[in-house]
Structures are given as structure tokens and as C-alpha cells.
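To start, the structure under review is shown below, and the notes come after it.
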Amino acid sequence: MKNNELFTRLTESALALGATRASVIETNLISLDPAFREMCASNACGTYGKCWMCPPDVGNIEDLMKQVGSYRYALVYQTVSELEDSFDIEGMFEARKSVSQVAQKLRNTFSIPEISTVLHLTVGGCGVCEVCAKRTGEPCRAPELAMASLEAYGVNVSKLAEAAGMKYINGKDTVTYFGAVLFCTDGGSVDEE
Ligand code: SF4
């Protein structure tokens with residue numbers, strides 16, 4: 001399978017699984033900045049130090065940014081969800097849940113011989129368990145499903161949106177979430193374009 005056919009297939013899968021938009025870009029277009037780790041450290045979301053996939057437990061920022069560069073391509077996707085108004089917390093929660101579902105369902109899409117290595121990144125903290133095992137001092141319950149956020153890896157999400165040809169904000173009374181799957185094809189049978 002040629003890369004362009006593979007990329008079309010991955011993009012179509014993301015859309016079929018519930019993404020509003022999806023596109024494959026090269027990872028050299030991804031803008032990284034350790035400042036996003038500092039935003040995590042401000043603990044606005046309340047999960048700093050309370051989830052195995054959030055900082056500081058997810059790993060050293062320099063190492064994680066290096067990891068991003070070790071993948072050649074990224075499937076970038078977004079979900080755009082309608083809200084009743086800007087105070088619709090329940091709607092935001094549901095929207096957050098739906099992007100996490102897309103992220104988890106994409107695991108199967110990427111379990112194909114044409115793709116050699118994969119890193120799934122999503123929005124916010126891991127969100128697989130209702131209460132992360134970190135809070136109760138236990139090891140991660142599902143390391144095969146656990147996902148870190150784009151920001152934890154230093155990804156500038158607004159620039160990522162731009163690189164993928166997407167809007168970061170999609171209008172009044174909507175909430176937009178992003179995810180990305182970083183991958184390499186060089187270990188598989190995919191021909192280079
Ligand atoms: S899978 Fe569960 S225990 Fe592991 S990091 Fe995610 S929320 Fe925490």
C-alpha cells in the first residue's frame with residue numbers, strides 16, 4: 001500500500017469513528033514548547049501529579065519532545081461539539097468523553113502491519129479510569145490503554161491545528177478537542193511516496 005492510500009484510509013477511519021475533521025501531517029510540522037509543561041504545573045485542570053499519564057509522572061519534557069520527533073507522521077483529528085451555551089459544563093464533559101472514545105477506537109485502526117510504531121496522544125489527562133490509580137497509590141491499571149495529553153508532550157495545539165488545516169476554535173457555543181496519533185511506516189511494508 002502506498003503512503004497516500006494509507007493516509008486516506010487512516011483519515012477516513014477517524015471520520016467514521018466520530019472525528020469532525022482529520023488529516024495526516026509530517027511531524028516536522030509539529031511545534032513543540034516546554035512552556036506547555038509549565039501550564040500543566042499550574043494545575044488548572046486539577047490532575048497535575050494525580051494521574052500516571054500527567055506531569056510530572058508522564059516523564060521528563062525534553063525526553064517526551066524528543067519522542068515526538070522520533071515519529072515521522074501524525075494523524076491529527078478534532079471533534080467539534082455543540083454546547084447549549086458557554087456554561088454548558090455537562091456538554092463539555094460529553095464532548096471530552098467523545099474525543100476520548102475516538103482516541104481509543106483509533107487503536108484498532110493503527111493495529112495493522114503497515115504501521116510499525118505508534119504513539120496516541122489526546123486531550124487533557126488519561127481519562128480511562130474514573131479515578132486514576134495514581135490517586136490511590138497503585139500502579140496503572142491499563143497501561144495498554146493509558147494516554148497522555150498533547151500538552152504533556154509539549155505540543156502547541158493551536159499551531160498543530162493550523163498545520164493540519166483546521167480551526168482551533170469553531171464558533172460560538174461549540175467546544176473543539178484535538179487528538180493525534182504519531183506513527184512510522186518504515187518498519188512495515190508501505191512503499192514511500
Ligand atoms: S489507565 Fe487508569 S490508572 Fe492508568 S493512567 Fe489512565 S486513568 Fe490512570
Side-chain angles (χ1 to χ4, degrees), residues 10 13-14 16-20 22 27 30 32-71 73-81 88-112 115-157 160-161 175-184:
L10 296 175
S13 291
L17 292 172
T20 309
T27 53
I30 297 179
L32 299 168
D33 189 338
F36 289 98
R37 174 60 64 91
E38 287 151 32
M39 280 165 58
C40 286
S42 74
N43 202 19
C45 68
T47 58
Y48 185 82
K50 298 204 165 74
C51 172
W52 288 121
M53 295 307 282
C54 283
D57 298 281
V58 69
N60 173 280
I61 184 66
E62 299 297 335
D63 294 343
L64 299 182
M65 290 197 309
K66 213 178 282 171
Q67 261 189 55
V68 170
S70 71
Y71 294 87
Y73 303 106
L75 171 75
V76 181
Y77 56 94
Q78 68 174 182
T79 57
V80 181
S81 307
D88 184 5
I89 304 295
E90 202 178 313
M92 286 183 209
F93 179 75
E94 285 306 314
R96 165 78 174 75
K97 221 162 74 178
S98 81
V99 72
S100 294
Q101 282 166 357
V102 174
Q104 291 297 342
K105 287 178 190 164
L106 275 170
R107 285 186 182 282
N108 284 341
T109 303
F110 279 80
S111 299
I112 54 174
I115 291 175
S116 53
T117 50
V118 179
L119 173 67
H120 292 266
L121 297 175
T122 184
V123 64
C126 176
V128 168
C129 308
E130 210 165 301
V131 177
C132 181
K134 167 76 183 174
R135 290 184 188 250
T136 48
E138 297 159 281
C140 176
R141 293 183 201 104
E144 72 290 356
L145 298 178
M147 278 186 202
S149 70
L150 289 156
E151 290 86 352
Y153 276 67
V155 176
N156 181 328
V157 180
L160 180 73
V175 62
T176 303
Y177 287 126
F178 286 85
V181 190
L182 279 47
F183 63 98
C184 290

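Numbers for residues simply follow the sequence, beginning at 1. Just so you know, ligand 1 is whichever comes first in the structure, and atom 1 is the first atom listed for that ligand. The structure presented is a predicted model; accordingly, all values stated were derived computationally and were not measured.
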Checklist outcome for this item: the protein heavy atom lying closest to atom 7 (S) of ligand 1 turns out to be Cys129 N, 3.5 Å
Next on the checklist: Give me the nearest non-hydrogen protein atom to atom 8 (Fe) of ligand 1 as residue plus atom name, then the distance to 0.1 Å.
Outcome noted: Cys132 SG, 2.3 Å
Checklist entry - Do the side-chain N and O atoms of Arg96 and Ser100 include a donor-acceptor pair separated by under 3.5 angstrom? => result yes
Checklist entry - Can you check whether Tyr73 and Phe183 have ring centres sitting under 6.0 Å from each other? => result yes
Next on the checklist: For atom 4 (Fe) of ligand 1, what is the closest protein heavy atom, and at what distance to 0.1 Å?
Outcome noted: Cys140 SG, 2.3 Å
Next on the checklist: Give the atom numbers and elements of ligand 1 that come within less than 4.0 Å of a heavy atom of Trp52.
Outcome noted: 5 (S)
Checklist entry - Counting heavy atoms not belonging to Glu90, are there more than 12 under 6.0 Å from its CD? => result no
Next on the checklist: I'd like to know if Lys134 contacts ligand 1, where contact means a heavy-atom distance under 4.0 Å to any ligand atom.
Outcome noted: no
Checklist entry - Is there a donor-acceptor pair closer than 3.5 Å between any side-chain N or O of Arg37 and the backbone N or O of Tyr153? => result no
Item to check | 4.5 Å side-chain heavy-atom contact, Tyr77 and Val181 | outcome: yes
Item to check | Close side-chain approach of Leu160 to Ile30, heavy-atom, < 4.5 Å | outcome: yes
Checklist entry - What residue and atom, counting heavy atoms only, is the protein's closest point to atom 6 (Fe) of ligand 1, and at what distance? => result Cys126 SG, 2.3 Å
Checklist entry - In terms of atom number and element, which parts of ligand 1 are under 4.0 angstrom from non-hydrogen atoms of Arg141? => result 3 (S), 4 (Fe)
Next on the checklist: Using a 4.0 Å cut-off to any heavy atom of Ala133, which atoms of ligand 1 qualify?
Outcome noted: 3 (S), 8 (Fe)
